[in-house]
Amino acid sequence: MTDDAPQGPGPAAGRRKRATPLQVVDAPQSAPPRLVKPARTKRRHSLALASFLLLVVGPITAVFVYLYAFAADQYASYAAFSVRKQDFNTAMSVFGALPTLSSGTADIEVIHEFIQSRDLVAKLDAELDLRKRFSLRRDTDPVFGLKPDAAIEDLVTYWNRMVVPQLNSSNGILTLETHAFTPQDAQEINAAVLRESSELVERLSQIAQEDAIRQARDELGLATARLKTARIALATFRKQERIIDPNADYQSQMGLMAQLEQKLAEVLIERDLLESAPDKDPRKANADRKIAAIRNRIEAERKQVASDGNSDRTKQLYATFGTYEGLLVDKEFAEKTYTSALSALDEAQAEAKHKSRYLAAHILPGLAQTPEYPRRIILGTMFSVLAFFTWVLLILIAYSLRDRR
């Protein structure tokens with residue numbers, strides 16, 4: 001009897017017969033799922049935690065301990081100033097004596113660079129002993145303090161950390177912030193910088209005034225030499241030609257012709273008045289002789305100043321007149337140049353007396369009462385964020401190298 005043989009009648013067999021093709025047969029029950037193993041701390045987790053403690057928690061704790069236990073307090077002194085120019089108008093007017101104030105933008109930029117310069121640091125170090133003042137807390141605060149035997153280059157670098165000039169280019173105001181370990185040192189250093197800046201402005205103003213006066217004097221010297229040369233040349237010409245003013249001679253000659261023309265007109269009128277007199281009247285003959293003589297003289301004078309320039313006298317007259325006019329123009333130009341140079345010198349000297357640059361301090365160096373630096377919370381927070389992100393980056397790099405194996 002095989003397995004495919006039909007079974008005998010019974011309830012189960014009857015149910016199988018009544019089953020339809022759409023009837024779903026119950027599936028056998030599956031085996032129970034396996035249980036997941038409990039999580040265990042692996043070696044890489046321990047290394048990550050150890051690195052977090054070593055690279056994040058430890059350094060942050062050390063930084064906060066140093067900032068609050070060892071870092072020395074720093075006091076700040078503030079000052080604000082600008083460079084002003086005072087101009088007095090020299091023109092002769094009702095308001096000529098009123099001063100005009102203007103800002104020296106270029107001068108304040110020079111002061112900004114001067115405050116950060118090595119020359120100022122060296123001068124103030126010799127005057128105030130900056131190394132001693134900045135190394136006052138070096139024994140307890142080696143991070144923010146300066147070494148007592150620091151070189152000048154290190155002193156300049158440290159100076160630019162402790163003395164911070166901030167320039168506002170829009171209004172030309174420079175704000176100076178000076179840090180020190182005592183409020184007195186901060187105030188004294190700030191006042192010394194302000195004094196040196198004021199002296200620099202005065203030196204720059206004096207140099208500019210001296211340059212302007214020296215240039216005006218040089219121009220006056222050249223103008224004087226030119227005028228002297230022009231006068232000597234004109235005097236030599238007059239001496240050689242034995243004539244004072246060719247133009248005056250020409251004008252006198254033209255005046256003579258005008259007089260002859262006027263005399264001729266008078267004689268002609270007299271001759272016309274004698275028309276009713278007899279022909280043998282001696283007055284007619286006398287008038288005719290006068291008219292002929294005057295006309296001959298006028299003709300002779302015209303030939304001497306003829307415009308065609310054929311006569312030797314005319315050529316000589318034209319040459320003399322042209323040379324004289326050239327020398328006269330040179331002399332007049334030299335005189336105008338001399339007058340202008342003399343006025344420029346007078347104006348430069350007047351401006352040197354009335355025009356000045358000066359440093360106007362809006363905020364004087366004050367004495368601090370509360371330390372402002374170091375800013376412990378800001379520095380600690382910035383270091384904490386940097387340490388955390390550095391650790392995260394190292395962990396990501398380590399896992400990336402692990403996944404590539």
Can you check whether [Y]'s main-chain N or O pairs, donor with acceptor, with [X]'s side chain at less than 3.5 Å?
{"X": "Asp125", "Y": "Leu130", "answer": "yes"}
{"X": "Asp107", "Y": "Val83", "answer": "no"}
{"X": "Asp141", "Y": "Ala72", "answer": "yes"}
{"X": "Arg131", "Y": "Asp149", "answer": "no"}
{"X": "Arg214", "Y": "Gln209", "answer": "no"}
{"X": "Tyr66", "Y": "Val143", "answer": "yes"}
{"X": "Ser205", "Y": "Val201", "answer": "no"}
{"X": "Gln116", "Y": "His112", "answer": "yes"}
{"X": "Ser77", "Y": "Gly366", "answer": "yes"}

Please report the interatomic distance [atom1]([X]) to [atom2]([Y]), rounded to the nearest 0.5 Å.
{"X": "Leu364", "Y": "Gln187", "atom1": "CG", "atom2": "CD", "result": "10.0 Å"}
{"X": "Leu234", "Y": "Thr323", "atom1": "CG", "atom2": "OG1", "result": "11.5 Å"}
{"X": "Phe81", "Y": "Ser198", "atom1": "CZ", "atom2": "OG", "result": "9.5 Å"}
{"X": "Ile395", "Y": "Ser400", "atom1": "CD1", "atom2": "OG", "result": "12.5 Å"}
{"X": "Glu299", "Y": "Arg295", "atom1": "CD", "atom2": "CZ", "result": "11.0 Å"}
{"X": "Arg375", "Y": "Gln74", "atom1": "CZ", "atom2": "CD", "result": "11.0 Å"}

Note, [X] side chain near [Y] side chain (heavy atom, < 4.5 Å):
{"X": "Pro148", "Y": "Arg138", "result": "yes"}
{"X": "Met162", "Y": "Arg133", "result": "no"}
{"X": "Pro374", "Y": "Leu379", "result": "yes"}
{"X": "Asn168", "Y": "Thr175", "result": "no"}
{"X": "Phe134", "Y": "Ile189", "result": "yes"}
{"X": "Leu200", "Y": "Glu196", "result": "no"}
{"X": "Val110", "Y": "Leu204", "result": "yes"}
{"X": "Phe388", "Y": "Phe52", "result": "yes"}

So for atom [atom1], which belongs to [X], do other residues, nucleotides or ligands contribute more than 12 heavy atoms lying within a distance under 6.0 Å?
{"X": "Ile377", "atom1": "CD1", "answer": "no"}
{"X": "Tyr399", "atom1": "OH", "answer": "yes"}
{"X": "Gln262", "atom1": "CD", "answer": "no"}
{"X": "Phe389", "atom1": "CZ", "answer": "no"}
{"X": "Glu266", "atom1": "CD", "answer": "yes"}
{"X": "Arg376", "atom1": "CZ", "answer": "yes"}

Quick one: closest heavy-atom pair of [X] and [Y], and the distance?
{"X": "Leu264", "Y": "Ile294", "result": "CB-CG2, 3.5 Å"}
{"X": "Ile152", "Y": "Val121", "result": "CD1-CG1, 4.4 Å"}
{"X": "Ser197", "Y": "Ile115", "result": "OG-CG1, 4.0 Å"}
{"X": "Ser82", "Y": "His362", "result": "OG-NE2, 2.9 Å"}
{"X": "Tyr75", "Y": "Pro183", "result": "CD1-CD, 3.6 Å"}
{"X": "Gly380", "Y": "Leu67", "result": "N-CD1, 3.9 Å"}

Under 3.5 Å side-chain donor-acceptor pair for [X] and [Y]:
{"X": "Asp154", "Y": "Thr157", "value": "no"}
{"X": "Tyr158", "Y": "Glu153", "value": "no"}
{"X": "Ser117", "Y": "Asp119", "value": "no"}
{"X": "Asp73", "Y": "Tyr373", "value": "no"}
{"X": "Glu202", "Y": "Gln206", "value": "no"}

(request) May I ask you to say whether Lys331 pairs ionically with Glu335, meaning some side-chain N is under 4.0 Å from a carboxylate O? (result)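 The answer is yes: the pair qualifies as a salt bridge.
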(message) Salt bridge check, Glu188 against Arg195: does any charged N sit closer than 4.0 Å to a carboxylate O?
(response) no
(request) Test side chain to side chain contact (heavy atoms under 4.5 Å, CB included) on Leu167 and Ile108 and set out the steps. (result) CA-CA 8 Å; Leu167 177 61; Ile108 199 64; 3.8 Å; yes
(request) Could you go through the side-chain hydrogen bond (donor to acceptor under 3.5 Å, both in side chains) check for Asp185 and Thr182 one step at a time? (result) CA-CA 5 Å; Asp185 288 347; Thr182 63; 2.9 Å; yes
(message) With side chain to side chain contact (heavy atoms under 4.5 Å, CB included) as the criterion, how do Val164 and Thr178 come out once you've worked through the C-alpha distance, each side chain's angles and the decisive distance to 0.1 Å?
(response) CA-CA 6 Å; Val164 183; Thr178 303; over 6 Å; no
(request) Could you please spell out the steps behind the side chain to side chain contact (heavy atoms under 4.5 Å, CB included) verdict for Leu146 and Leu155? (result) CA-CA 8 Å; Leu146 177 68; Leu155 179 59; 3.5 Å; yes
(request) Determine, stepwise, if the pair Trp391 / Val56 fulfils side chain to side chain contact (heavy atoms under 4.5 Å, CB included). (result) CA-CA 7 Å; Trp391 174 79; Val56 179; 3.4 Å; yes
